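Inspection log for the structure reproduced underneath, given as structure tokens.
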Amino acid sequence: MIEKMKVVHVVTTVSEKSSLLDRLQKMGIVHFSEKASADQQYLQRFADLSRIATVLQEYPDIVPETSLLSDSEFEVLFQKLIACLDRKKSLQDELSESRSAAEKLAEWGRFSPAEVRELQQSGLDIHIYRTDKKTLAALIEDPEVQFIRLSPVGKMPTLAAFSPLPPQYSATEFPLPEKGLAELEQEQECCRQGLSDCECFLRQAASHLPSIQDQMLRTQNESEYSAVSNTSQSQDGLVWLRGYIPAAEVEDFKNAAAEAHWAWALEDPSDSDDRVPTKVKYNKITRLMMPVFDILGTVPGYREYDISFWFLGFFTLFFAMIIGDAGYGLLFLLGALVLTLKGKKSSTAVQLLWVLSIATIIWGTLTGTWFGLQQAMEVPLLRSLVIPTFANYPEYFSVTTVTQQNTIMKLCFILGTVQLSLACVMNIRRKLKEKDLSWVADLGWLAAICALYFVVLFLVIGQQVNLLPVACVVIAGFLLVVCFGGMAPGKSFSQGLKSGLGNTFTVFLNTISAFGNIMSYIRLFAVGMASLAIAQSFNNMAFGFKGPLVVAAVLILLIGHGLNIVMGLLSVVVHGVRLNLLEFSGQLGMEWAGIAYDPFKKGNKIKK
């Protein structure tokens with residue numbers, strides 16, 4: 001359930017601003033959607049601490065200190081760490097430049113640029129060139145040019161001239177470097193020694209990672225406090241803030257305001273307010289979806305639906321059908337058991353794993369799928385639990401493969417029709433409460449979707465369907481959507497009709513899209529069959545090894561089924577989640593563009 005929000009305005013005197021902020025932070029119920037930027041000092045400090053923490057986490061073998069450093073001790077360490085990281089970066093850049101220069105200079109041999117400069121300063125105008133054989137021959141014949149031949153560089157003739165070569169000769173002058181190879185190598189050694197010293201210091205400092213993380217949390221809270229403080233507006237000795245609080249927290253806020261002598265006002269968010277945060281209140285069942293929503297980063301809009309219950313139900317079924325193997329379900333169940341025994345309290349994610357693993361075992365049992373092994377059907381107990389028309393090995397039940405596949409595909413289309421129809425019913429129910437006449441358009445969508453289901457069966461499975469009444473229902477639903485889709489509270493019937501007629505072509509395209517949405521549920525069948533085929537392939541490969549090669553067979557089974565499980569989990573994200581977030585949510589009109597309720601309070605964990 002999405003909790004109702006109230007807009008709150010709080011006013012106090014400028015002298016009481018700090019007291020106001022402290023109390024609001026302690027209450028931890030007011031959400032500020034439009035906050036100003038925090039003071040730069042906190043932002044910079046948090047960035048520096050994050051950089052330090054990232055580097056020190058590269059030393060997981062270092063045992064962390066159990067006690068935290070004092071503020072004064074930490075500041076000393078902090079400044080040293082910043083200097084160390086800056087020096088490390090500088091040394092790395094210097095080492096890279098030195099290596100690059102040495103590589104370019106290596107082909108010229110080991111010489112001292114300083115000695116060449118001394119000769120130049122003594123009056124010898126020395127210039128070093130690379131040229132080709134033809135030009136070299138011409139230079140030898142020219143009595144006006146004085147030079148000394150040097151060792152070839154890159155198979156090209158090289159020479160040292162005692163004056164600039166005349167312009168008619170094609171030659172590339174070698175710019176004299178600042179340092180020679182010996183100096184560059186010494187410089188690299190100094191850089192490596194400096195980097196080694198930095199590395200030693202960082203390893204020692206890694207033991208204080210808990211202190212750094214504690215300072216990060218404190219800086220984060222100070223930054224949040226600063227942002228809210230900068231958000232406040234003031235005039236004529238008064239300061240005020242505007243935020244949002246859950247309707248359930250109104251009484252607590254009133255009591256705190258009366259005690260602190262604040263002036264305040266509460267109001268409902270306006271229809272045009274798009275900054276209202278979303279606070280979803282989960283029950284014992286729907287909270288199982290929290291880990292999935294957290295991973296996806298999805299938040300419904302304040303005026304949208306909380307579909308966590310339906311999401312959980314369909315997601316669990318989709319998960320089971322995509323993984324499709326009771327053997328894999330047993331592995332997931334074993335993992336859930338280990339995590340439950342390992343932890344003092346079963347987390348929400350572990351509880352969700354229990355539900356998903358049990359659902360997978362049930363579906364795999366009904367289809368007779370145990371690690372993709374056909375031999376499992378030779379076990380009477382396992383065979384007795386299978387629904388014959390669902391069986392992945394239909395020959396054991398005198399069922400044809402075509403019948404079995406058509407049954408599973410039909411089930412997928414039924415799921416799609418039910419889920420999309422549910423979205424229409426939810427829209428109708430909500431709009432009836434709001435006295436929004438566009439509910440008739442959703443009724444049209446409901447009729448069209450149910451009729452399109454039979455079209456899908458006719459085209460995909462080849463089931464005999466009387467298309468005339470189906471077409472009539474689809475056309476009737478199309479007309480209802482066109483005529484009533486533009487209706488809305490505050491609009492006259494003629495205005496809504498005009499708006500709906502203007503979207504006729506869009507409705508036509510959406511009707512085709514609705515057909516495609518039902519069709520898209522066939523992915524549950526396709527991915528499940530692909531997973532079974534992969535499992536069977538690895539089984540056949542492994543069972544081909546006999547005698548001493550049984551070790552190779554075991555490795556093939558472990559790697560093959562492990563890879564299949566990983567691919568199945570990825571398919572759940574790609575397909576199972578998609579059907580809920582796109583097809584189902586799209587029919588509901590949800591955009592998942594909500595702002596998560598994040599009240600102003602002291603945080604107990606670092607935000608990423």
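Predicted model, so just to flag it, every value in this text is computed and none were measured. Below, each value reflects all heavy atoms present in this structure, side chains not excepted, and no hydrogens, waters or symmetry copies. Positions are given from 1 along the sequence.
Counted within 6.0 Å of CZ on Phe332, heavy atoms from surrounding residues, nucleotides or ligands total more than 12; the atom is thus considered enclosed. Under a cut-off of 6.0 angstrom, the local environment of CD in Gln463 is crowded, with over 12 non-hydrogen atoms contributed by other residues, nucleotides or ligands. Few gaps surround CZ on Phe543; more than 12 heavy atoms of other groups in view lie less than 6.0 Å from it. Annotation for Ile414: atom CD1 counts as buried by contact number, over 12 foreign heavy atoms lying within 6.0 Å. Counting heavy-atom neighbours within 6.0 Å of Trp310 CH2, excluding the residue itself, gives a total of 12 or less. Residue Tyr282 qualifies as enclosed at atom OH: its count of foreign heavy atoms under 6.0 Å is above 12. Surrounding CZ of Arg303 are more than 12 heavy atoms belonging to other residues, nucleotides or ligands, all under 6.0 Å away.
Under the salt bridge (Lys or Arg N to Asp or Glu O under 4.0 Å) criterion, no residue pair touches residues 328-341, with sequence neighbours excluded. The stretch residues 564-581 participates, sequence neighbours left out, in these salt bridge (Lys or Arg N to Asp or Glu O under 4.0 Å) pairs: Arg578-Glu583.
For Phe413, the ring pair (Phe, Tyr, Trp, His ring centres under 6.0 Å) criterion is met by no residue, not counting sequence neighbours. Partners of Asp214 according to the salt bridge (charged side-chain N to carboxylate O under 4.0 Å, His left out) rule, which considers only residues two or more places apart in sequence or in another chain, are Arg218. Considering only residues two or more places apart in sequence or on other chains, Arg203 meets the salt bridge (charged side-chain N to carboxylate O under 4.0 Å, His left out) condition with Asp61. Contacts of Glu224 classified as salt bridge (charged side-chain N to carboxylate O under 4.0 Å, His left out), with partners at least two apart in sequence or in another chain: Lys35.
One side chain, Glu199 or Tyr59, offers a donor N or O that lies under 3.5 Å from an acceptor on the other.
Residue Ile29 holds its CD1 atom at 9.0 Å from NZ of Lys279, rounded to the nearest 0.5 Å. Ile362 contributes atom CD1, which lies 11.0 Å from atom CG of Leu385 (distance to the nearest 0.5 angstrom).
Side-chain atoms of Gln404 and Phe397, non-hydrogen and from C-beta on, never get closer than 4.5 Å to each other. Taking 4.5 Å as the limit, every side-chain heavy atom of Tyr244 sits out of range of all side-chain heavy atoms of Val30.
The one candidate from Ile408, Thr401, Thr403 that meets the side chain to side chain contact (heavy atoms under 4.5 Å, CB included) condition with Gln405 is Thr401. The side chain to side chain contact (heavy atoms under 4.5 Å, CB included) with Phe390 is formed by just one residue from the set Thr365, Thr369, Thr407; it is Thr407.
Under a 3.5 Å cut-off, the side chain of Asn540 and the backbone N or O of Gln536 do form a donor-acceptor pair.
Seen from the ring of Tyr396, Arg383 does not count as a face-on cation partner, given the 6.0 Å and 45° thresholds.
The aromatic rings of Trp592 and Phe311 stand perpendicular to each other, their planes meeting at an angle above 60°, with 30° marking the opposite boundary.
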